[in-house]
Amino acid sequence: MKKLIMAGACLAVIPALLLSGCSQEATSQDQEPKSKERTEMSSDEQQDSVEKANYQAIKPSEAAKPLESHYTETQLAEMPTTEAHGDDTKRSVPLGQTLEKGTEDETEGPLQKNRIVSYYGHPDSTSMGILGEYSPEELMEKLKDQTKAYSELDPERPAIPAIELIATVAQRNPGEDGLYMHATVDEDIERYAKLAEENNALLILDVQLGRDNIMNQVKSLEKYLKLPYVHLAIDTEFHVKEGQVPGENLGHVDGENVQEAIDYVSNLASENELPDKLVIVHQFADIIISNKEAIHPTENVEVVLNNDGHGIAALKRSGYHQLVHNQPIQYGGFKVFYQKDEPVMTPEEVLELDPAPAFVNYQ
């Protein structure tokens with residue numbers, strides 16, 4: 001989505017995010033992602049996957065030092081002033097803590113003891129994220145290097161690599177069903193699912209919705225969500241109503257609909273005896289999600305409120321403060337754009353945020 005399209009909407013709610021815009025153009029693919037009907041997996045295939053390893057963090061080196069030791073006394077004294085912009089400058093939780101103030105994690109999910117570092121995008125497009133810029137093998141090598149940087153910086157919370165694949169792509173063309181979206185083909189999802197499994201990584205399937213509803217999209221991915229290493233992300237900005245077009249109009253979701261998806265994933269994990277799951281909720285402006293107080297984690301699902309948007313680093317910090325720090329649900333997430341951020345924040349700078357992001361995704 002172009003910055004000029006979104007500037008008014010962002011300015012009305014979060015002046016600091018004027019330059020951040022949306023995470024991508026809804027139709028910026030280099031080629032139209034392929035689409036077809038999804039097929040059912042056999043029960044034997046599902047059971048085999050459940051019995052295999054779920055994930056493995058990238059181990060820090062023996063020389064890795066605790067997080068606090070990487071900052072000067074001056075830096076520690078200034079945190080989180082750099083993100084508050086006149087708001088409360090007192091840190092809400094200790095440096096490095098990922099759980100937001102007043103929240104708990106009753107799961108045995110990956111964020112209890114680890115951080116997740118993901119690469120985002122679509123295999124058919126170089127402009128929708130880094131995932132489309134490299135072959136699967138090259139991507140995984142770079143992802144592991146980026147993930148290790150966080151393990152080295154915060155060895156007490158080693159990071160897990162993850163692939164965030166756009167599973168349904170919003171588009172400006174209404175398509176045959178008039179939903180302004182289309183599904184990524186099974187072959188692509190299965191290729192990256194295999195890549196994640198073989199490398200003890202996680203696969204996060206991202207839905208962009210268009211005019212479809214959240215539950216339709218989540219249910220279409222059920223066979224994948226039954227795999228122990230597959231998790232869900234909801235790209236809220238692309239959910240538009242009748243008369244609107246993704247990429248031209250700013251999307252909106254109700255928190256109750258987000259929670260319905262969280263509860264569905266939670267029940268899926270419980271009923272199928274799966275490892276606890278993760279649901280990531282993307283946003284870059286407050287008006288994109290209403291009724292946010294309805295969103296909450298469950299005994300089987302960890303919830304991340306992820307701050308999207310590209311632009312000047314200081315403004316990105318302010319956006320995180322307003323959308324994550326000031327609206328605690330459970331965990332915070334933070335998106336970094338390799339090509340669009342000014343400058344690209346280092347892992348040290350990302351972990352200065354309050355609370356420290358439990359989920360860091362790169363586009």
Side-chain angles (χ1 to χ4, degrees), residues 1-24 26 80 82-89 92-93 100-103 170 206-209 214 233-241 244 246-262 279-297 303-337 340-341 345 350 353-355 357-361 363:
M1 188 176 298
K2 295 179 180 178
K3 293 181 182 179
L4 291 178
I5 295 173
M6 290 295 101
C10 295
L11 182 60
V13 182
I14 306 177
L17 285 181
L18 177 60
L19 296 182
S20 293
C22 295
S23 60
Q24 70 216 30
T82 54
E83 69 181 80
H85 286 272
D87 200 351
D88 184 6
T89 58
S92 64
V93 297
E100 295 179 310
K101 184 178 180 179
T103 66
D206 180 274
V207 292
Q208 291 190 345
L209 303 174
I214 294 175
I234 303 171
D235 241 334
T236 56
E237 70 188 72
F238 295 107
H239 184 229
V240 296
K241 59 186 179 181
Q244 295 182 326
E248 296 179 5
N249 303 101
L250 181 62
H252 170 266
V253 300
D254 188 295
E256 289 189 358
N257 299 129
V258 173
Q259 188 59 40
E260 185 179 3
I262 292 170
V279 173
I280 298 148
V281 184
H282 289 285
Q283 63 165 4
F284 76 89
D286 201 27
I287 57 174
I288 294 175
I289 307 175
S290 61
N291 197 21
K292 197 177 293 183
E293 62 274 11
I295 304 174
H296 58 81
V303 176
V304 172
L305 193 61
N306 192 75
N307 182 58
D308 287 4
H310 55 80
I312 297 172
L315 304 188
K316 289 168 65 76
R317 292 188 185 99
S318 177
Y320 184 87
H321 186 85
Q322 295 181 55
L323 295 175
V324 177
H325 171 279
N326 287 354
Q327 301 180 56
I329 291 177
Q330 190 180 33
Y331 289 106
F334 191 75
K335 179 174 280 190
V336 179
F337 289 78
K340 297 181 179 181
D341 281 349
M345 291 173 63
V350 171
L353 296 169
D354 176 29
F359 176 75
V360 186
N361 51 333
Q363 181 167 329

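Note that the structure is a prediction, hence the values are computed from the model and not measured.
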Look up atom NE2 in H325 and atom CG in L353, then write down how far apart they are to the nearest 0.5 Å.
-> 10.5 Å
Measure the CG-CD distance between D341 and Q363 for me, rounded to the nearest 0.5 Å.
-> 9.5 Å
Write down the atom of P328, the atom of K101, and the distance for their closest heavy-atom approach.
-> CB-O, 4.1 Å
Calculate, to the nearest 0.5 Å, the distance between atoms CG and CG belonging to D308 and D235 respectively.
-> 6.5 Å
Between G255 and A294 the two heavy atoms that sit nearest each other are C-CB, 3.9 Å
Hey, does the side chain of K335 reach the backbone of H310 with a donor-acceptor pair shorter than 3.5 angstrom?
-> no
Stepwise side chain to side chain contact (heavy atoms under 4.5 Å, CB included) check, I214 with V258 | CA-CA 7 Å; I214 294 175; V258 173; 4.1 Å; yes
Are N326 and H321 close enough, and set up right, to give a side chain to side chain contact (heavy atoms under 4.5 Å, CB included), and what steps lead you there?
-> CA-CA 6 Å; N326 287 354; H321 186 85; 3.7 Å; yes
Do the side-chain N and O atoms of H282 and N306 include a donor-acceptor pair separated by under 3.5 angstrom?
-> yes
Could you tell me the separation between the CD atom of Q259 and the CD1 atom of I329, rounded to the nearest 0.5 Å?
-> 9.0 Å
Derivation of the side chain to side chain contact (heavy atoms under 4.5 Å, CB included) call for K292 and Q327 | CA-CA 8 Å; K292 197 177 293 183; Q327 301 180 56; 2.9 Å; yes
Starting at CG of L315, measure out to CD of E83 and round the result to the nearest 0.5 Å.
-> 13.0 Å
Residue that, paired with Y331, satisfies side-chain contact (heavy atoms from CB on, under 4.5 Å) out of V303, I280, V304 | V304
Give the intermediate values and the outcome of side chain to side chain contact (heavy atoms under 4.5 Å, CB included) for residues M345 and F334.
-> CA-CA 11 Å; M345 291 173 63; F334 191 75; 3.7 Å; yes
To the nearest 0.5 Å, how far apart are CD1 in I234 and CD in Q283?
-> 12.0 Å
Less than 4.5 Å apart, any side-chain heavy atom of D286 and any of Q322?
-> no
For the residue pair A314 and H85, what are the closest heavy atoms and their distance?
-> O-NE2, 3.3 Å
